[in-house]
Amino acid sequence: MRVSKLFGKTLRQTPSEAENISHQLLLKAGMIHQVAAGAYSYLPLGWRALKKVENIVRQEMDDIGGQELHMPVLQPLELWQQTERDQAFGKSLFILSDRRDRKLVLAPTHEEVTTELVRRNVQSYRDLPLLLYQIQTKFRDEPRPRGGLMRVREFTMKDMYSFDTDEDAMNVSYGKIVGAYERIYQRCGLPALIVDADSGAIGGKESHEFMVIAESGEDQILYCSNCDYAANLEKADSIKAENEKEEMLSLEEIATPGIITIKDLAKFLNIPESKTLKAVFYSADGEVVFVVIRGDIEVNEVKLKNVLKCHELRLATEEEVRGAGLVAGSASPMGLTDIRRVADPSITLGANFVAGANKPDTHVKNVNYPRDFAVDIMTDIATANAGEGCPRCGGKLLFTRGIEVGHVFKLGTFFSERLGATFLDPGGVGRSIFMGSYGIGIGRLLAAAIEQNHDEKGIIWPVSIAPYQVHLCPISTDDSEVASAADRLYLQLQEEGLEVLFDDRTESPGVKLNDADLLGMPVRVILSPRTLKSQSAEVKRRSEKEAMIIPLEGSVERLKAILSR
RNA sequence: CGGGGUGUGGCGCAGUGGUUAGCGCGCAUGGUUUGGGACCAUGAGGUCGCCGGUUCAAAUCCGGCCACCCCGACCA
């Protein structure tokens with residue numbers, strides 16, 4: 001490709017709207033263009049890189065026996081109502097009406113349609129296992145698109161679905177795909193960490209995310225300094241420190257004028273926050289729920305949402321709290337019967353807690369569970385923190401941020417049961433198909449690759465996903481010798497199957513070299529009167545500081561060798 | 001949705017009531033240049049986000065709306 005003909009210009013100043021490095025560089029390099037919040041055009045260079053990522057993903061999916069197909073983005077809303085995922089996705093679901101006023105959705109993912117398709121085509125255990133996938137556009141009306149390609153409302157996703165006869169077989173498929181994912185990230189030049197994750201709106205019981213460790217990442221990760229435990233913060237468990245052992249004492253009311261928060265309470269009584277019980281009220285799909293947890297620990301709302309099996313969870317309003325007969329600031333789990341009560345096991349890690357009295361300006365000392373109150377659900381709903389104990393080995397948990405570049409789910413029979421996707425086993429018995437769902441955001445992966453591979457001058461593409469492999473950059477192009485040598489080399493490289501970006505512009509050296517650094521092709525080749533004197537070219541890897549001079553004779557082979565290194 | 005911010009040629013910005021709205025970069029034409037964002041000359045390009053109001057006069061003041069960005073609650 002000749003730069004003089006290339007659509008898309010590099011910018012000298014970074015557009016002010018970009019905060020993220022990948023966003024800045026993609027804009028500055030003329031690889032993407034924003035159309036609306038979370039909707040981008042890919043210009044030719046950006047599109048080539050995206051296609052490279054896509055092809056790597058495609059190869060790895062094919063290699064494990066995946067079959068590529070294509071399903072529609074446009075889908076009837078009814079299909080989503082059958083699985084109640086119209087509720088689960090809520091406002092993130094793009095819904096539109098057709099001319100007959102039928103409701104259609106722009107699909108954010110394809111479990112329903114795939115399951116429906118498989119239901120029609122699979123009857124026997126002999127048809128399983130099955131791996132189907134597509135690489136296709138998804139729509140999600142994100143509350144807040146951000147970071148350029150990091151989080152957009154229209155994006156290309158590779159989504160694969162596995163179909164198996166039972167749980168063990170599902171786990172085998174799952175493992176295969178996890179292996180393929182690891183190879184994909186490796187090939188894209190991205191070290192990715194696999195972490196335990198919440199299933200969110202996709203559903204299912206077990207799920208893992210692939211994270212690229214990056215300061216700019218949206219996700220928070222806890223990982224063990226000792227073993228290989230790693231989890232998204234919203235899923236992470238931890239071992240909390242236990243309070244000192246002590247004998248249970250009898251209840252005692254105390255006056256606490258004006259004390260509302262745990263912090264103030266602890267200060268007022270001169271005790272650690274871990275000696276208090278915190279009451280928090282939530283509205284779960286409209287129902288007020290009482291939550292109690294040790295005072296020093298935060299509620300993990302994702303865990304709570306899963307426990308309550310609700311679609312919408314938020315803190316209850318003051319009116320809702322009052323309406324439930326509770327006194328905010330001094331609420332108590334004691335004596336409550338007509339609201340659902342959820343407790344975290346941390347309330348048993350100690351004794352003689354201070355809790356609310358459900359009377360204004362009053363608390364109660366020496367509260368002990370289960371002596372003094374009962375709960376409906378006792379389960380882990382605690383937020384884990386760095387420094388706490390690893391749930392697997394007890395080691396110390398550490399914190400980092402990451403970019404989620406893939407997510408895999410064990411769905412079990414959630415979709416197949418609701419949509420009637422069954423098969424006959426060898427004994428002629430009808431059974432629900434065990435499914436898995438596996439997604440990679442292609443554009444996000446591209447952005448993550450740039451976040452990981454750049455310097456102050458620009459992008460440093462890994463060879464595998466670079467738009468072009470070689471950036472041919474003649475200097476002094478009005479020198480006819482240089483111009484013709486460059487033309488010859490350009491043709492020769494292409495004939496040898498190399499992908500070449502040829503800067504044939506009559507720009508000054510500074511402009512061309514800076515553009516080459518910004519665009520970031522893996523190898524830069526310079527021809528100039530100087531190099532031609534010795535019938536040579538200067539070759540420099542974008543990732544390295546030093547250039548080398550190689551003879552023009554045999555340069556193609558040298559370049560190939562450098563690229564495959 | 002809560003909080004913060006920004007809208008002025010392609011990009012970065014200036015312009016707090018008073019001529020035909022400026023500057024840098026980029027772009028076009030001609031010329032001189034060519035190993036790290038060259039120089040000279042000439043030129044094109046703007047309903048100042050939109051609607052309404054105040055005023056003799058609005059990019060500038062007032063009201064409403066919209067868009068975009070950032071921080072949080074959601075996700076590949």
Side-chain angles (χ1 to χ4, degrees), chain A residues 8-20 23-24 27-28 30 33-39 53 57 88-93 108-110 135-160 181 197-202 207 209-212 217-219 232 234 301-302 305 311-315 403-409 437-448 457-458 473-479 482 505-518 524 526-531 538 540 547:
Chain A
K9 283 201 176 63
T10 57
L11 299 174
R12 296 210 179 181
Q13 277 113 352
T14 305
S16 58
E17 80 224 33
E19 193 78 4
N20 235 306
H23 190 196
Q24 288 179 352
L27 286 172
K28 206 172 170 209
H33 180 257
Q34 185 176 33
V35 175
V53 176
V57 171
F89 270 92
K91 289 193 162 175
S92 296
L93 199 59
T109 173
H110 282 243
I135 297 174
Q136 183 236 32
T137 306
K138 301 281 184 268
F139 292 86
R140 292 183 189 177
D141 196 358
E142 294 287 345
R144 183 153 96 84
R146 75 179 106 185
L149 296 182
M150 281 299 170
R151 178 173 219 78
V152 290
R153 297 191 293 175
E154 172 178 340
F155 60 101
T156 302
M157 178 163 117
K158 184 288 299 176
D159 44 325
M160 175 175 260
Y181 273 36
D198 179 65
S199 304
I202 305 292
S207 116
E209 290 166 333
F210 291 84
M211 295 283 188
V212 169
E218 294 182 82
D219 288 275
N232 192 312
E234 61 189 37
E301 296 186 1
V302 173
K305 195 172 168 182
H311 296 306
E312 201 206 322
L313 183 73
R314 55 171 173 79
L315 286 171
I403 302 167
E404 183 191 341
V405 291
H407 201 160
V408 294
F409 303 83
S437 163
Y438 317 85
I440 289 183
I442 307 288
R444 182 127 107 196
L445 186 53
L446 187 74
K457 287 273 190 184
C473 193
I475 279 168
S476 303
T477 34
D478 61 349
D479 181 319
V482 173
R505 299 174 300 171
T506 53
E507 285 288 350
S508 72
V511 170
K512 294 174 111 173
L513 296 173
N514 278 304
D515 275 350
D517 287 340
L518 174 62
R524 185 185 75 190
I526 291 183
L527 290 179
S528 72
R530 207 198 279 173
T531 67
E538 177 196 295
K540 181 182 164 299

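Convention: sequence-line order gives letters A, B, ...; per-chain numbering from 1. Just the heavy atoms: all of them, side chains too, but no hydrogens, waters or symmetry mates, feed the values below.
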Quiz item: Hey, does the side-chain of A:Ser508 have a donor or acceptor N/O within less than 3.5 Å of a partner on the base of B:rG37?
Solution: no
Exercise. Please state whether the base of B:rG36 and the side chain of A:Arg12 form at least one donor-acceptor pair under 3.5 Å?
Key: no
Contact class for [X] vs. all strands (heavy atom < 4.0 Å): base, sugar-phosphate, or nothing?
{"X": "A:Lys457", "result": "base"}
{"X": "A:Gly441", "result": "base"}
{"X": "A:Ala36", "result": "sugar-phosphate"}
{"X": "A:Asp159", "result": "nothing"}
{"X": "A:Pro143", "result": "base"}
{"X": "A:Gly148", "result": "nothing"}
{"X": "A:Thr10", "result": "nothing"}
{"X": "A:Ser528", "result": "base"}
{"X": "A:Leu513", "result": "base"}
{"X": "A:Thr14", "result": "sugar-phosphate"}

Quiz item: Starting at the 5' end of RNA chain B and moving along, which residue's nearest nucleotide shows up first, A:Arg151 or A:Glu19?
Solution: A:Glu19
Practice problem: Would you kindly compare A:Pro145 and A:Glu209 by the position of their nearest RNA chain B nucleotide and give the one closer to the 5′ end? | Solution: A:Pro145
[X] side-chain N/O to [Y] backbone N/O, donor-acceptor pair under 3.5 Å:
{"X": "A:Gln34", "Y": "A:Ala36", "value": "yes"}
{"X": "A:Arg140", "Y": "A:Arg153", "value": "no"}
{"X": "A:Glu154", "Y": "A:Ala39", "value": "no"}
{"X": "A:Lys158", "Y": "A:Tyr438", "value": "yes"}

Closest to side chain of [X], choosing from [options]:
{"X": "A:Glu507", "options": "B:rC27, B:rA76, B:rC68", "answer": "B:rC27"}
{"X": "A:Gln13", "options": "B:rG24, B:rG72, B:rA76", "answer": "B:rG24"}
{"X": "A:Leu11", "options": "B:rC11, B:rG36, B:rC75", "answer": "B:rC11"}
{"X": "A:Gln34", "options": "B:rA76, B:rC68, B:rC74", "answer": "B:rC68"}
{"X": "A:Asp515", "options": "B:rG37, B:rG36, B:rG35", "answer": "B:rG37"}
{"X": "A:Arg144", "options": "B:rG72, B:rC74, B:rC75", "answer": "B:rG72"}
{"X": "A:Val152", "options": "B:rG35, B:rG26, B:rA76", "answer": "B:rA76"}
{"X": "A:Arg444", "options": "B:rG35, B:rA76, B:rG26", "answer": "B:rA76"}
{"X": "A:Val302", "options": "B:rC74, B:rC71, B:rA76", "answer": "B:rC74"}
{"X": "A:Arg140", "options": "B:rC75, B:rG12, B:rC70", "answer": "B:rC75"}

Within a strict 4.5 Å, meaning less than it, do heavy atoms of the [X] and [Y] side chains meet?
{"X": "A:Glu404", "Y": "A:Met211", "result": "yes"}
{"X": "A:Arg146", "Y": "A:Asn20", "result": "no"}
{"X": "A:Val405", "Y": "A:Tyr181", "result": "no"}
{"X": "A:Asp515", "Y": "A:Glu507", "result": "no"}

Could you please name the partner base of [N], counting Watson-Crick and G-U wobble pairs only when both distances are under 3.5 Å?
{"N": "B:rU60", "value": "none"}
{"N": "B:rC65", "value": "B:rG49"}
{"N": "B:rG72", "value": "B:rC1"}
{"N": "B:rA41", "value": "B:rU29"}
{"N": "B:rU34", "value": "none"}
{"N": "B:rC23", "value": "B:rG12"}

Between [N] and [M], how many Å separate the two [atom1] atoms, rounded to a whole number?
{"N": "B:rC70", "M": "B:rC51", "atom1": "C1'", "answer": "28 Å"}
{"N": "B:rG46", "M": "B:rG5", "atom1": "C1'", "answer": "24 Å"}
{"N": "B:rG37", "M": "B:rC56", "atom1": "C1'", "answer": "50 Å"}
{"N": "B:rA14", "M": "B:rG30", "atom1": "C1'", "answer": "31 Å"}
{"N": "B:rC11", "M": "B:rG45", "atom1": "C1'", "answer": "14 Å"}
{"N": "B:rG24", "M": "B:rU20", "atom1": "P", "answer": "22 Å"}
{"N": "B:rU60", "M": "B:rU19", "atom1": "C1'", "answer": "16 Å"}
{"N": "B:rC48", "M": "B:rG17", "atom1": "C1'", "answer": "15 Å"}

Grab the [atom1]-[atom2] distance between [X] and [N] for me, whole Å please.
{"X": "A:His23", "N": "B:rC70", "atom1": "NE2", "atom2": "C1'", "result": "12 Å"}
{"X": "A:Lys512", "N": "B:rG36", "atom1": "NZ", "atom2": "P", "result": "13 Å"}
{"X": "A:Leu27", "N": "B:rC68", "atom1": "CG", "atom2": "P", "result": "15 Å"}
{"X": "A:Ile526", "N": "B:rU34", "atom1": "CD1", "atom2": "C1'", "result": "13 Å"}
{"X": "A:Met150", "N": "B:rA76", "atom1": "CE", "atom2": "C1'", "result": "11 Å"}
{"X": "A:His110", "N": "B:rC75", "atom1": "NE2", "atom2": "C1'", "result": "16 Å"}
{"X": "A:Glu17", "N": "B:rG49", "atom1": "CD", "atom2": "C1'", "result": "15 Å"}
{"X": "A:His33", "N": "B:rC68", "atom1": "NE2", "atom2": "P", "result": "13 Å"}

Quiz item: For the residue pair A:Lys91 and A:Asp141, what are the closest heavy atoms and their distance?
Solution: O-CB, 3.6 Å
Practice problem: Look at the side-chain N and O atoms of A:Arg314 and state whether any lies under 4.0 Å from the OP1 or OP2 oxygen of B:rG2. | Solution: no
Quiz item: Does B:rC74 have OP1 or OP2 sitting under 4.0 Å from an N or O in the side chain of A:Ser92?
Solution: no
Quiz item: Less than 4.0 Å between a side-chain N and a carboxylate O, is that true for A:Lys305 and A:Asp198?
Solution: no
